[in-house]
Amino acid sequence: MAYDAQEVETRWQKAWADAKAFEGEIDHSKPKFYCLEMFPYPSGSMHMGHVRNYSIGDAMARFHRLMGRNVLYPMGYDSFGMPAENAAKKEGGHPHTVTHRNIASIRADQERMGYSYDWRRFLATSDVDYYHWNQEMFLMLNERGLVERRMAPVNWCVDCDTVLANEQVKNNRCWRCGLEVVQRDMAQWFLRMTEYSDELLDEIDNIAFPENVKAMQRNWIGRSHGAHIDFPVADSDAVIGAFTTRPDTIFGVTFVTLSPEHPLCEELCDGTEWESDWRELRDECGRMSEFERINLLKEKKGVFLGRHAINPLNGEEVPIYAGNFVVASYGTGAVMAVPGHDQRDFDFAERYGIEIRRVLVENDGDDPAAALSAAFEGYGPMVNSGVEGFDGLDGQDAKDTVIAALEATGSGHGTVEYRLKDWLLSRQRFWGTPIPMIHCEDCGIVPVPSSELPVELPLDVTFSEDQSGNPLASHDSFVNTSCPSCGRAGRRETDTMDTFYDSSWYFMRFCDASNNSSPFDREAVDYWMEGGVDLYIGGIEHAVMHLLYARFFTKVTRDAGMNEVGEPFGTLVCQGMLNAPAPFCSDCNAEFHVDLFGADCPTCGESLSTRSVKMGKSLGNTVSPGEMVDRYGADTVRLFILFGANPEAGMDWSDSALEANHRQLHSIIDAMESAMSLDDSPSPLDDWLLARLRANQAAWRHSMFNVSIREGVMTSHYEMLSDWTWYVRRGGGDQDTAKQFLLGWIPMLAPATPHIAEHFWHSLGGEGLLATHCLDELTSLSDDDAKILAREVYLKELISSGRGLRELAERHAEEEITRAVIQTSPAWKEELARESMRLDAEGFDFKAGGLNHLKSMDVFANEQMRGEVMQTWMALTTGSKKKRGRIHTWSHGEKQLIISAIDETSVINMNSGFIAQALGVSSVEAYPAGEGEDVAGKARFAFPLEPGIAFL
RNA sequence: GCAGGGGUUCCCGAGCGGUCAAAGGGGCCGGACUUAAGCUCCGGUGCUAAGUGCUUCGCAGGUUCGAAUCCUGCCCCCUGCACCA
């Protein structure tokens, strides 16, 4: 075997490129398949996580090309963002330079892997021919009333010098740099995503996303149905609006709580004895970050504000408190407190001695006066309402009736609240899409006319470490412009867009990537995006942000008439984690850097074990794809990645498994090469090999269609090879058969290991490039195929059980074992088998009538045989507790063998040499039980397809 | 606390009512080849046994003629959300 992976792989990569093999065009005569991976941020070179992502996508793209689909498989770069800006500062250059250098690097890595991208559709979001259309889309959003500029308290990261969206704040820390986020009030640009809250939520039910992603999105949108209730403040014009999901507990309200930041607090207690307490509480809460308020606040605290609110349904006056557990940003920042049926309110009421009133009972007829030792938060019939017409109502009925009463008096209404907020779009950074707006002293904020787009980022900016703030703001020729409306001097907006904006529609741009007059052509998008991207592959980390923004965008462009579909993604696959070993201390439950392998725990001093954890820089347990490709070739790395685990499952990196996959590939190469140098030598095994080919082809297609790539690869790279090996061992070796087998096999190798496949396709004289080849429909397995396969299974099982028995026999044999005598099933047992199968096909009830039927048969007449006949019949039909009857367990092929009266004796005798060799004996002799000596009394074991074997 | 996903034989990982002592891979053991190691090939890898019987799929119960698979409860792990009214 001489296979130089580096040479072969790069040669075929060039051949594919030269032949423009992967350039997809609209073709209505073929079903389309849009295969897409979440495009990368170009941070330098490709890492193993990328390799996994793209190897999955490429395998599926190549598979669907083989299946005759018109495949769109593009690649681009999500190249705006802070790392490039920071790198530019470090080296005193421009982010544009950094970005393109990195793109060139990662693209070279991807090309070396042999991914079958249509590189003509390449895009980088930081290139003006992409972000131009970001701006065009922004104008469209603006026209549709979805853009809004307003003052807002924003999450500010001092280190990154920018604002963050809520989704970009994790545990009150910046998702990028980890610094604690502070709150600031600023004028900001928003996209009114909440306009689409309901559709975004309701459509989740109809999307083929994994359950966890759906759950996360539902959670994030957080729709809750309830009521808005107005509580007028006594002796005042003020009204406290409160949102509740439990209007059925309205009569249990014994106080009202405002968040300490609520504007009404000051109004209510201003100049009173209560004011100082409130200020103290407000300041205390203000000092705490939201994270602390949520996570560290164990104690529910509040202060009375000196005033009372009026329950609109019963006119009752209840005290108003400010409470530290009320969140200003959710609902109205005010809560109607029902201590009897909300545990938080219960705790608060107990602490401040406020009445706890029961207004629900658990079950009809329960005592309405029963005391509560804790809040009852479930649903149940209303009691103690104090107003006619409510007691006894339960659940939704109760809610509806209360809401109707509120609406009738104008003091409230049914409403819906969302956790989802509008999308805070603006960032005070340079390396992003400039927001195309101009500030004019006379006209206010005026959009840049479409004809004047793009607003380009200046390239004549030099970045340096000591800069602070946004370089755009101090770039005069960028900032100074004229007002499109009045023509007088104006200033450009210097905020740029969140980079999630860029990735919210790139999948549509890919459909028409070189369009230079609009973001994309509708016809192209409607063709490729019909039913959404057919397979979208990426990490779970984008479950809420990217996937939600992209869904929002697609709905907006749909409503603007730019495309037909409303949901961008059909099947979504979230690839699992890629793990690698790292030192681990089980006592401290902590992982450490790989430098500490073999050392003691730096915390407790115990010796460290190892554990498989997510590959990452911080632990240093990464593996460089480039190094592995240099050593083993791209095909080996791809095979390892795809065979290691199914796409969604986590997988562990293993050097020894990688090497094993490399060896497997070489075994395949050896098999291919030897298969190509055969002579004409037909044998009965030829039909078997070709039947196996057909069976494997069907199994492989089934697995691959379901993105069960691991199972697919097991068939294509393991089963196929072991079938070939078996064929050769059994004495097969026919040129023409081998060629047919290889013609079927080689395409199956292509999705995972395309270079080797292309190489052998060419060696075999396959037509054209395998990369653009389409496979024919499969013919289903015939009865003959089933029989041929079953006969070989029969031999394999004979050998397998023979081996087991030989081991036992050795313990009993006095002398060396030299021969095997095999007694096959007597004819009458086969007759019974056929009869039971015939009855079974008619739906015969063996439990009810099996014995009677047997008694009517001729074999039963022989009294001496009666015991064995009964046993055989039972084994065939009803079976025992542990094993079902054979008529239920035989394969279709095995049944065919029996029906067609297979001559087991001659099958064995024809293959006696092979069997003897496999069993380690010098001779094998076979005859039907009863037609020769009953050697060692083994005749009684003889059963159809399960002969009795004796070793002597 | 809520939601989603999991716990399978030394390890990874399939199976999801009978064909299951449970695919496949890794590791390990034995044999062949080789001067030898490696590679490659063949076989073995719960205990027992001339084809039998026993124990096993997180734990405990249940349904069934029959459960790794279905149901109930519990324990543990991962992921996301979280004083959300």
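- B:G46 and B:G25 have their P atoms separated by 15 Å, with the value rounded to a whole Å.
- Within the 4.0 angstrom heavy-atom criterion, no nucleotide atom of any strand lies near A:P247.
- In this structure, B:A32 forms a base pair with B:U40, meeting either the Watson-Crick or the G-U wobble geometry with both donor-acceptor distances under 3.5 Å.
- Using a 4.0 Å heavy-atom cutoff across all strands shown, A:R710 reaches at least one base atom of the nucleic acid.
- Counting any heavy atom pair closer than 4.0 Å across all strands shown, A:K214 reaches no nucleic acid atom.
- Residue contacts for A:R729: at a heavy-atom cut-off of 4.0 Å it reaches the sugar-phosphate backbone alone, with no base atom in range.
- Residue contacts for A:I949: at a heavy-atom cut-off of 4.0 Å it reaches a base atom on one of the strands shown.
- Between B:A14 and B:A23, the two P atoms lie 14 Å apart (nearest whole Å).
- Residues A:E711 and A:W726 both approach RNA chain B. Their nearest nucleotides, taken by heavy-atom distance, put A:E711 toward the 5′ side.
- For the pair A:R357 and A:F251, the cation-pi test (distance below 6.0 Å, angle within 45°) is failed.
- Taking the centre and axis of the six-membered ring of A:W726, the NZ or CZ atom of A:K796 falls inside the cone set by 45° and 6.0 Å.
- Nucleotides B:G27 and B:C10 have their C1' atoms positioned 8 Å apart, rounded to a whole Å.
- Side-chain atoms of A:R730 and A:N911 include a donor-acceptor pair closer than 3.5 Å.
- Within 4.0 Å of A:R663, counting heavy atoms only, lie sugar-phosphate atoms of the nucleic acid but no base atom.
- Between A:H812 and B:A50, a side-chain N or O to OP1/OP2 separation shorter than 4.0 Å is present.
- As judged by a 4.0 angstrom heavy-atom cut-off over every strand, A:T244 is placed among residues touching the sugar-phosphate backbone only.
- Atom CG in A:D840 sits roughly 17 Å away from atom P in B:U19 (whole-Å rounding).
- In this entry B:U19 has no Watson-Crick or G-U wobble partner, no candidate having both defining distances under 3.5 Å.
- Note on A:R884: every side-chain N or O is 4.0 Å or more away from OP1 and OP2 of B:G17.
- If A:K938 and A:S656 are placed on RNA chain B by their nearest nucleotide, the residue sitting closer to the 5' end is A:S656.
- Summarising the base pairing, B:U79 is matched to B:A3 through a Watson-Crick or G-U wobble pair whose two defining distances lie under 3.5 Å.
- Within the nucleic acid shown, A:M714 comes within 4.0 Å of at least one base atom, counting heavy atoms only.
- Side-chain N/O atoms of A:H225 and A:T245 include no donor and acceptor closer than 3.5 Å.
- Among the heavy atoms of the strands, none lies under 4.0 Å from A:S891.
- In this entry B:C74 has B:G58 as its Watson-Crick or G-U wobble partner, both defining distances falling under 3.5 Å.
- Comparing the same atom, P, in B:G30 and in B:U79 gives a spacing of 42 Å after rounding to whole Å.
- Across all strands, A:T332 comes closer than 4.0 Å to no nucleic acid atom at all (heavy-atom distances).
- The separation of B:C70 from B:U64, taken at their C1' atoms, amounts to 10 Å, rounded to a whole angstrom.
- Considering every non-hydrogen atom in both A:C265 and A:S259, the closest pair reads SG-O, 3.5 Å.
- Judged by the 6.0 Å and 45° rule, A:R886 forms a cation-pi pair with A:F943.
- Nucleic acid contact for A:G948: base, since at least one base atom lies under 4.0 Å from a heavy atom of the residue.
- Nucleic acid contact class of A:T245 (heavy atoms, under 4.0 Å, all strands): sugar-phosphate only.
- Backbone-only contact: A:F643 has heavy atoms under 4.0 Å from sugar-phosphate atoms and none from a base.
- At the phosphate of B:A82, OP1 or OP2 sits under 4.0 Å from a side-chain N or O atom of A:R419.
- Taking the six-membered ring for Trp and thresholds of 30 and 60 degrees, A:Y321 and A:Y352 have ring planes inclined between 30 and 60 degrees apart.
- Within the 4.0 angstrom heavy-atom criterion, no nucleotide atom of any strand lies near A:A337.
- The separation of B:G17 from B:U69, taken at their C1' atoms, amounts to 6 Å, rounded to a whole angstrom.
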